[in-house]
Amino acid sequence: MTVRVRFAPSPTGYLHVGGLRSAIFNYLFARHYGGKFILRIEDTDRKRFVADSLADILSSFRWMALDWDEGPEVGGSYGPYLQSQRLPIYQEYTQKLIDSGHAYHCYCTPERMETLRQEQMRLKQNPGYDRHCRNLSAAERQTAIAQGVIPVVRLKAPLEGVTVFHDALRGEIITENQTLDDLVLMKSDGYPTYHLANVIDDHLMQITHVLRADEWIPSTPRHVLLYQAFGWEMPVFAHLSLILDPNGKGKMSKRKTVDASSGQEHFVQVREFRQAGYLPEAMLNYLTLLGWSYNDKTEIMSREEFIASFDLKGIKASPAAFSYDKLNWMNGIYIRELPAAELARHLIPFLEQAGIKPTDDITTWPTLLAIIPLVRERLKTLAEAPALVDFFFQEIGLPDPESLQGKLTPAETRLILEQTRSILATLPEFTATATEEALRDMAGQLGKKPGVIFTPVRVAVTGKTVAPPLFGSLEILGRQRVDERLARAIAQFEMPC
RNA sequence: GCCCCCAUCGUCUAGGGGACCAGGACGCGGCCCUUUCAAGGCUGAAACAGGGGUUCGAAUCUCCUUGGGGGCACCA
């Protein structure tokens with residue numbers, strides 16, 4: 001039997017990082033066992049439908065290189081893979097349930113359901129359908145139909161006994177049937193609910209393993225009831241623990257937040273991570289290790305290594321808090337491991353978005369490729385690059401005198417800048433080693449520590465107190481531009497402030 | 001309120017009766033390297049939620065308590 005698993009998002013919003021992790025687990029599981037990874041779109045809620053969310057899901061998958069074997073845009077022999085295109089199937093199977101006595105029409109209006117719910121809350125009873133229509137007489141049914149009420153179809157859940165299912169991660173989960181109510185299977189708009197569509201499709205698509213989020217555990221017994229009503233064999237269930245907010249309090253938020261103390265933005269949508277300059281490889285690595293582990297040592301694993309070793313045994317049942325700190329660290333590692341040309345290619349869109357055009361004017365401006373060795377290990381995300389390298393590609397503003405000075409006096413600063421300018425102007429070769437040697441000599445002659453005199457030069461040339469390594473930067477900027485920037489910095493000290 | 005799930009350093013985790021006065025990683029502190037910032041190296045602080053069992057022996061098995069999380073829609 002070949003393994004067949006699915007990820008089944010509903011297109012009600014952009015793909016969430018929690019959903020992505022479920023997708024990754026399914027994907028790795030399928031690839032490990034040489035099975036099929038199916039993408040099915042559960043678009044049965046017409047009210048919450050978001051038009052471009054399907055496109056977002058697909059593009060997020062492509063970005064992550066989670067290739068699906070069956071689903072939208074690739075097809076497959078168990079389609080269609082959009083539930084909205086499978087309505088006749090659900091109707092057919094619903095009728096079977098009605099015919100076999102496992103389901104019934106319910107004519108209760110939304111208004112009645114609302115008052116019922118409020119009454120139950122008032123009496124501190126458990127909310128749930130009171131089975132009002134479960135045993136309607138023919139006359140009562142006729143009256144409702146005559147009034148033009150469009151019914152829903154409900155499952156006739158057993159009133160006593162227990163429903164048991166086996167979760168691959170947690171063992172037996174037993175539910176008292178009296179805690180289950182008669183859930184809606186078919187809505188009055190003719191669309192199935194998740195519960196019905198999910199069971200029918202998993203069966204028809206021959207899904208062997210259902211790896212889905214923890215939050216589905218409470219409704220699984222109802223799914224089991226449906227499998228039993230249809231007389232179908234159940235898939236293996238494995239419920240994945242939830243991802244918690246970084247503080248460990250509650251399910252990870254659906255909206256981006258900003259951490260008050262660190263200022264770190266807490267992204268939640270896959271597209272946000274992408275825009276913030278995280279690499280898909282890092283996301284895959286981090287997310288897989290959030291809830292699954294290989295051993296007590298390994299932190300960095302490639303996709304191939306994950307595929308080779310991923311299975312249900314390594315999955316933890318307890319929820320896990322998302323750590324942006326650790327993701328940042330890991331993303332930095334992946335950035336550093338990227339070949340220079342590859343990193344440059346990744347960086348270009350981020351630079352362009354910041355108004356930097358690294359490909360323009362390469363005769364007068366430096367090439368991105370030359371800069372990469374200087375900045376590579378300073379990046380945690382791609383989005384940090386523009387602020388670090390902008391001075392290579394565009395003019396800088398007038399350097400701030402206080403930053404230029406550092407701990408020096410204005411007179412000392414000016415002297416250093418002037419001497420630097422004249423020394424660099426006479427250097428036969430404008431290389432990193434030559435400029436460094438020259439400035440170190442100069443420091444010795446001035447009786448200053450080298451680091452002290454590098455500061456004004458750095459600020460003059462880069463406009464920043466924190467910048468890539470100075471001498472490499474000088475070489476890339478070139479003699480003429482360095483000279484111009486030194487001159488402008490010196491001018492700062494010619495007029496009294 | 002009712003039902004369900006979970007429980008090792010702040011966080012992610014290793015651990016499945018003796019190999020553990022609990023190992024790794026992120027983060028945090030210190031030192032080294034160093035032109036700033038990083039990166040890197042070394043190093044330090046930091047956990048078995050509590051209480052009953054079972055056992056010669058429990059982080060590991062069991063029960064209870066506590067804590068945390070999730071679910072109770074004509075949403076998925």
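Bear in mind the structure is a predicted one, so any value in this text is a computation, not a measurement. Lettering of chains follows the sequences in order, A, B, ..., and the numbering in each one begins at 1. Side chains included, hydrogens not; waters and symmetry mates left out as well; all remaining heavy atoms used.
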Salt bridge between Arg117(A) and Asp130(A), side-chain N to carboxylate O under 4.0 Å?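 A salt bridge is absent here (no side-chain N lies under 4.0 Å from a carboxylate O).
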
Out of [options], whichever nucleotide has its closest atom nearest the side chain of [X]:
| X | options | answer |
| --- | --- | --- |
| Pro127(A) | A39(B), G1(B), C26(B) | G1(B) |
| Arg117(A) | A76(B), A73(B), U36(B) | A73(B) |
| Glu436(A) | U35(B), C12(B), A25(B) | U35(B) |
| Val466(A) | G1(B), A76(B), C37(B) | C37(B) |
| Lys326(A) | G70(B), G24(B), U36(B) | G24(B) |
| Lys47(A) | U35(B), C12(B), C74(B) | C74(B) |
| Arg378(A) | U35(B), G27(B), C37(B) | C37(B) |
| Lys297(A) | G24(B), G70(B), C74(B) | G24(B) |
| Lys316(A) | C37(B), A14(B), C75(B) | A14(B) |
| Ile173(A) | C74(B), C5(B), G71(B) | C5(B) |

Suppose you measure atom C1' in U62(B) against the same atom in C72(B); what distance do you get, rounded to whole Å? 30 Å

Please report the distance separating the C1' of G10(B) from the corresponding atom of C63(B), rounded so that it comes out in whole Å.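 One C1' to the other, the span is 31 Å.
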
Quick check with a 6.0 Å cut-off and a 45 degree axis cone: is Arg154(A) positioned over the face of Tyr129(A)'s six-membered ring? yes

Please report the interatomic distance CG(Leu474(A)) to CG(Leu439(A)), rounded to the nearest 0.5 Å.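 Spacing of CG (Leu474(A)) from CG (Leu439(A)) equals 7.0 Å.
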
As a test of understanding, state which of Asn247(A), Leu287(A), Asp245(A) forms a side chain to side chain contact (heavy atoms under 4.5 Å, CB included) with Phe322(A).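 The option that passes is Leu287(A).
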
Under 4.0 Å between any heavy atoms, over every strand shown, what does [X] touch: base, sugar-phosphate, or nothing? Just pick one.
| X | value |
| --- | --- |
| Ala317(A) | sugar-phosphate |
| Pro469(A) | base |
| Gly250(A) | sugar-phosphate |

Which nucleotide, in any strand shown, forms a Watson-Crick or G-U wobble pair with C21(B), with both distances under 3.5 Å? none

Do Glu299(A) and G24(B) share a donor-acceptor pair, side chain to base, under 3.5 Å? yes

RNA chain B: 5'-proximal contact among Lys380(A) and Ser219(A) (nearest heavy atom):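 Checking each residue's closest nucleotide, the 5'-ward one belongs to Lys380(A).
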
Assign each of Met252(A) and Glu42(A) to its nearest nucleotide of RNA chain B by heavy atoms, then name whichever residue's nucleotide is nearer the 5' end. Met252(A)

Determine whether Lys251(A) and Ile243(A) satisfy the following criterion, side chain to side chain contact (heavy atoms under 4.5 Å, CB included), listing intermediate values before the conclusion. CA-CA 6 Å; Lys251(A) 189 156 77 156; Ile243(A) 298 181; over 6 Å; no

